[in-house]
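Remember, it's a predicted structure, so these values are computed and weren't measured experimentally. Protein chains get the first letters and strands the later ones, always in sequence-line order, with residue 1 at the start of each.
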Amino acid sequence: MASAKPSIPKGTRDFSPIEMAKRNHIFDTIKSVFKTYGYQPIETPAMETLSTLLGKYGDEGDRLLFKILNSGDFTKGIDPSSISSDNANALSTQICEKGLRYDLTVPFARFVVQYRNGITFPFKRYQIQPVWRADRPQKGRYREFYQCDVDVIGSNSLLNEVELILIIDEVFRKLGVNNTIKLNNRKILSGMVQVVGEAERLIDITVAIDKIDKIGIEAVNREFAEKGVSQKAIGQLQPIILLQGTNNEKLDLLTTALATSEVGLAGIEEMRSIFKNLESIEGLTTTVELDLSLARGLNYYTGSIFEVKANDMAMGSICGGGRYDDLTGIFGLKDMSGVGVSFGADRIYDVMEHLNIFPESLLASSQVMFANFGEKEAVYCLPILHKLRSLGVSAELYPDSVKMKKQFNYAHKKNIQFVAIVGESEMQKGEISIKNMSTGEQETINKQDIQNFLQRELS
RNA sequence: GUGGAUGUAGCUCAGCUGGUUAGAGCGCUGGAUUGUGGUUCCAGAGGUCGCCGGUUCGAGUCCGGUCUUCCACCCCA
């Protein structure tokens, strides 16, 4: 019987040992930085109750939710006519009560509300787990991908924003990814639309502005007009959108432009505070720039918004986030402001792979391999291997007594730096021949000296 | 969800207006070299041409469907 070719669903991936080594390098780096800043890990289930997820990401987000079919007799009580109707959405809410998580922020909000009595605030947590979106896949866009979230909730202080910028800077410096942090503030955007008298079209206007880099100012203006923004307002928006200069110059100009908007001025003050605090930090490698065209679609953001782009490769944002004043409100907990960012591990991977900047040491399995000359020699090597491992040197013995050519090739393929050779003559003299695979040099040392030799060479 | 491309060996790709037994490079296996990888030389093994159906004497090639990957929109990590 012919079996179907094995395959995995669209937009999902398998990871080989080499890919895992690289992915773990990213996760480990991110985790270690998060810990340095006092954040603690949590995990939440892959699936959430659908009502937890629906309505939190806008209509577009609802469409991209993966829904889980109820178990058992899920057709019970369903009106047969609803099955043939066009409205699949209405049907799905009848037969699905769970969905796969779409991001880590909303489950985090649910977590905070659910365990509020046991949590000490401000609560600083990080969370590294996969999320799922029923999007159409492209490069850098998957249906299953990992987010690495850091959030602090229960604190209004703008020092948290500063801290997040430092975290972003440190993560990407450690990974060797050149990047630019773009910063904006929802309050400034609100102020902008208020000043031009189009406050009710905040979303439409910001979504259009967000595309300015891509489609240009004329196309953005055309989109404004299509959405019903008045010509007068469009005219007034031009100088604001096209503001140039340093961050402080932009803020000064904005202060004049948004003078009549209370929220707008509040947003400007927040940005000023953040930039001022950043000035006191030395050694920041990332460029932080105020980008008024940055909008971000997620509608729960209320204050600062962040987005990080890789400088050396065209790719969507590799990190993004912002402040949300009332995310927990929808779950019944008011006045709980939070701010956080999410690192896109899969996109960071794609960038690092494309730029070929993963450290080579990641590829090695063991640091030293003992060649196998036969059972007698192999048994003789076992205690030496045991000793090396206890000293933290990863060591392996080639399991089969096959041709040297094959064994050396194995070591070469697996990027093992040293091959130890213990054949009959070495055994008799109590020696070990050891070959450095990258230089090709080989020397013979006393059996006892191998620990020192390797520890010196590998350091 | 809308529009457009793509799929041939493990990988990257050739394959003419449909016509014998579908090719190359790299990789892989073996040998030259029975205690030495990365270079060289020789030999060899890998393919239901994504899948299903149609047109035809004949389909990798044309047509329809489907799946995958990719691009644009949308949105986003």
Residues pairing under ring-ring contact (aromatic ring centres under 6.0 Å, His included) where one sits in residues 8-29 of chain A, two or more places apart or in two chains, turn out to be A:F27-A:Y146
Keeping to residues at least two apart or across chains, list the salt bridge (charged side-chain N to carboxylate O under 4.0 Å, His left out) pairs with something in residues 42-54 of chain A.
-> A:E48-A:R110
Gap between atoms CZ and P, on A:R222 and B:C73 respectively (whole Å) | 14 Å
Using only side-chain N and O atoms of A:K405, determine if any of them is under 4.0 Å from OP1 or OP2 of B:G30.
-> no
Whole Å only: how far is the NZ atom of A:K214 from the P atom of B:C76?
-> 12 Å
Please list, pair by pair, any protein nitrogen or oxygen found under 3.5 Å from a nitrogen or oxygen in nucleotides 67-71 of chain B.
| from | atom 1 | to | atom 2 | distance (Å) |
| --- | --- | --- | --- | --- |
| B:U68 | OP2 | A:K10 | NZ | 3.3 |
| B:U69 | OP1 | A:G11 | N | 3.0 |
| B:C71 | OP2 | A:K139 | N | 2.6 |

Keeping to residues at least two apart or across chains, list the ring-ring contact (aromatic ring centres under 6.0 Å, His included) pairs with something in residues 342-382 of chain A.
-> A:F34-A:F343, A:F172-A:F343, A:Y349-A:F358
Protein-nucleotide distance (A:N372, atom CG; B:G37, atom C1'), rounded to Å = 17 Å
Determine the Euclidean distance between corresponding P atoms of B:C52 and B:C13; express it in Å to zero decimal places.
-> 25 Å
Identify the two heavy atoms, one from A:M336 and one from A:I153, that lie closest to each other, and give their separation to 0.1 Å.
-> CG-CG1, 3.7 Å
How far, in whole Å, is B:C41 from B:G53 if one measures between their C1' atoms?
-> 50 Å
All N/O contacts under 3.5 Å from nucleotides 25-29 of chain B to the protein, with atom names and distances to one decimal?
| from | atom 1 | to | atom 2 | distance (Å) |
| --- | --- | --- | --- | --- |
| B:C28 | OP1 | A:K413 | NZ | 2.4 |

Can you give the dot-bracket line for RNA chain B, where a pair is Watson-Crick or G-U wobble with both atom distances under 3.5 Å, crossing pairs use [ ], and | marks a partner on another strand?
-> (((((.(..((((.....[...)))).(((((.......))))).....(((((..]....)))))).)))))....
Residues in contact with RNA chain B, drawn from residues 428-452 of chain A - heavy-atom cutoff 4.0 Å | A:K435, A:M437, A:S438, A:G440, A:Q442
Side-chain heavy-atom pair A:R133, A:R143 within 4.5 angstrom cut-off = no
Do any of residues 35-48 of chain A sit with a heavy atom less than 4.0 Å from RNA chain B, and if so which?
-> none
Stacked pair A:F373-B:G35, distance under 5.5 Å, angle under 30° | no
So A:Y410 and A:Y398, would you call those rings parallel, tilted or perpendicular, with 30° and 60° as cut-offs?
-> perpendicular
Side chain A:E426 and base B:G35 donor-acceptor under 3.5 Å = yes
Have a look at A:I421 and say if it touches a base, only the backbone sugar-phosphate, or nothing, with a 4.0 Å heavy-atom cut-off.
-> base
Hits for side-chain hydrogen bond (donor to acceptor under 3.5 Å, both in side chains) against A:T36, two or more places apart or cross-chain, chain-then-number order -> none
Ring pair (Phe, Tyr, Trp, His ring centres under 6.0 Å) partners of A:F306, counting only residues at least two apart = none
What pairs meet the salt bridge (charged side-chain N to carboxylate O under 4.0 Å, His left out) rule with one or both residues in residues 166-181 of chain A, with sequence neighbours excluded?
-> A:D169-A:R173, A:E170-A:K174
Salt bridge (charged side-chain N to carboxylate O under 4.0 Å, His left out): pairs with one or both residues in residues 443-455 of chain A, sequence neighbours excluded | none
